[in-house]
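Below is one structure, written out as structure tokens; comments come after it.
Ligands are counted one by one from 1 in listed order, and the atoms in each one are counted from 1 as well. Numbers for residues simply follow the sequence, beginning at 1. Since this is a predicted model, take the numbers as computed values, not measurements.
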Amino acid sequence: MKSTGKQQTAGDQCAKCGACTAVCPVYQVTGRESHTARGRLHLLSRLTNPVSSVYGKIVSACLLCGACLDACPRKIDTLTPLIRAREQLPLAARYRFLEKFVARKTLASPRLLGGLASLRQKLLQHLPKTSGLWLKLALLPEDYAPEEAQPALPAGQPGGAPPVVSYFSGCLARYLSPDIGAATDFLTRWVTGSPLLIPGEQTCCGLASFAGGSREEARDLARKNIAAFAGHALPILTSCASCYSHLRSYPVLLADDPHWRSKAEDFAGRVREFSRFFLEAGLAPPASPVTAEQGDPAGIFYHDPCHLRFSPEKIMGQPRRLLANIMGAPPLELAGGPHCCGQGGLFHLAHPQLSQQILAVPMAQLLELSASHVVTTCSGCLLQWQQGLRQTEFSGRVCHMAVLLAGIIPQKGG
Ligand code: SF4
Ligand code: SF4
């Protein structure tokens, strides 16, 4: 056959089989073909004007959950064309939503996060009540003080054996919920006998910048994090699934940078996911039975972050085994199986109603379960479930798995 000389796009490779539509959480609530990987690949190969509002809507209404990538029988990279398309959006379109701009800039400059808390009242007066950022800011404790915006310090006594594990906290554990960092440190001391090494120079993982189409900003943040963890070869534990996924992608992000490429590969090879790390480290069950205050052993629901469920390693069994080991019973499961919570990084800010519609599906099933705890290991999913369940009759607790486990594992020698 004579070559046309035209390069094949992802859209050209698509068999239009529809396997991706069946698993897409956005399509499941909207029923719109343009919200699927199949529809988007088709449209992106034909739309050429990034300034048009149609283009902006098509590229923004995706959670980047990876379900389509996982389901595609042709293994078409459904996400890269979308990210590239977001990079083409003009600045005015990217910053169209105040909340999206503020959120991305804040995550890129964590110092701003403390300031954002103090600005909350002012911002809330001007933001529409349907804004996802309003919901996010509403999650901050009333008495949150900017000076709390410090790295989570290791719990317990200083000194002792030198660290054998370092910690990438992510923005949630570092600024908004230092209890997650403290709990992770406590569990690490339990299995290694040493506190975590927490480099103060670390910054946002850059996922928000990357997903928002600001590739250079994401690359800059990646270099800063690689530099922050240079100078030692310790494993880099993170308690956030989204951070884990993005930190592991640094070699791809910096593939064309000869100075940073090999450093990025070394860095990514050292990153450890929370559940796998503590399962392999042999985090032990408590010496005495778990009490009702600590958590009903048969009442724990674990939410799978999409960044783990659809990761190449498909990390789904390890968190369940870890919970079963410690609690003495397997976690509860939704009738329909694991389901996206609709948070999607900045998706819930740009599309708050869609985000809530997606969460409503697993939330309705959760409320049928009599769960005492909802636990997960992703900062975004955690905020989404906390915000969603606050508006229901749910009387249990929504917390990071580290916080649940640290409340159960007894103090050594205590
Ligand atoms: S990444 Fe998720 S939300 Fe986006 S098209 Fe694929 S399945 Fe749908
Ligand atoms: S699953 Fe893959 S081949 Fe099938 S329609 Fe979706 S993108 Fe195309």
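- Ser239 meets the side-chain hydrogen bond (donor to acceptor under 3.5 Å, both in side chains) test with Tyr167; sequence neighbours excluded.
- When hydrogens are left out, the protein atom nearest atom 3 (S) of ligand 2 is Ala15 N, 3.3 Å; that is the closest non-hydrogen contact.
- Among protein heavy atoms, atom 8 (Fe) of ligand 2 sits closest to Cys14 SG, 2.3 Å.
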Just list the side-chain donor-acceptor pairs under 3.5 Å for residues 224-231, sequence neighbours left out, or say none.
residue	atom	partner	partner atom	Å
Lys224	NZ	Asp220	OD2	3.4
Asn225	OD1	Thr203	N	2.8
Asn225	ND2	Cys204	O	3.0
Asn225	ND2	Leu221	O	3.4
Asn225	ND2	Tyr250	OH	3.1

From CA spacing to verdict: salt bridge (charged side-chain N to carboxylate O under 4.0 Å, His left out), Glu280, Arg272: CA-CA 11 Å; Glu280 288 167 12; Arg272 301 285 183 272; over 6 Å; no
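- Less than 4.0 angstrom separates some heavy atom of Pro73 from each of these atoms of ligand 2: 1 (S).
- Shown in contact with Arg38 at under 4.0 Å from a heavy atom are these atoms of ligand 2, numbered in order with element: 5 (S).
- Atoms of ligand 2 lying under 4.0 Å from at least one heavy atom of Gly18, given by number and element, are 4 (Fe), 5 (S).
- Donor-acceptor pairing under 3.5 Å is lacking for the side chains of Gln357 and Thr30.
- Here the side chains of Phe278 and Leu237 are in contact, with some heavy-atom distance below 4.5 Å.
- Protein heavy atom in closest approach to atom 2 (Fe) of ligand 2: Cys72 SG, 2.4 Å.
- Only backbone heavy atoms of Lys16 (N, CA, C or O) come within less than 4.0 Å of ligand 2; its side chain stays farther off.
- Taking every non-hydrogen atom of Arg40 and a distance limit under 4.0 Å, the qualifying atoms of ligand 1 come out as 5 (S).
- The closest protein non-hydrogen atom to atom 4 (Fe) of ligand 2 is Cys17 SG, 2.3 Å.
- Only protein atoms were considered; those of element N, O or S under 2.8 Å from atom 6 (Fe) of ligand 1 number 1.
- The closest side-chain heavy-atom distance from Glu273 to Arg248 is not below 4.5 Å.
- A 4.5 Å side-chain heavy-atom check between Cys72 and Cys20 finds every atom pair outside the cut-off.
- With sequence neighbours excluded, no residue forms a side-chain hydrogen bond (donor to acceptor under 3.5 Å, both in side chains) with Ser370.
- Remark: the Gln356 side chain and the Gln387 side chain contain an N/O donor-acceptor pair separated by less than 3.5 Å.
- Here the side chains of His246 and Leu253 are in contact, with some heavy-atom distance below 4.5 Å.
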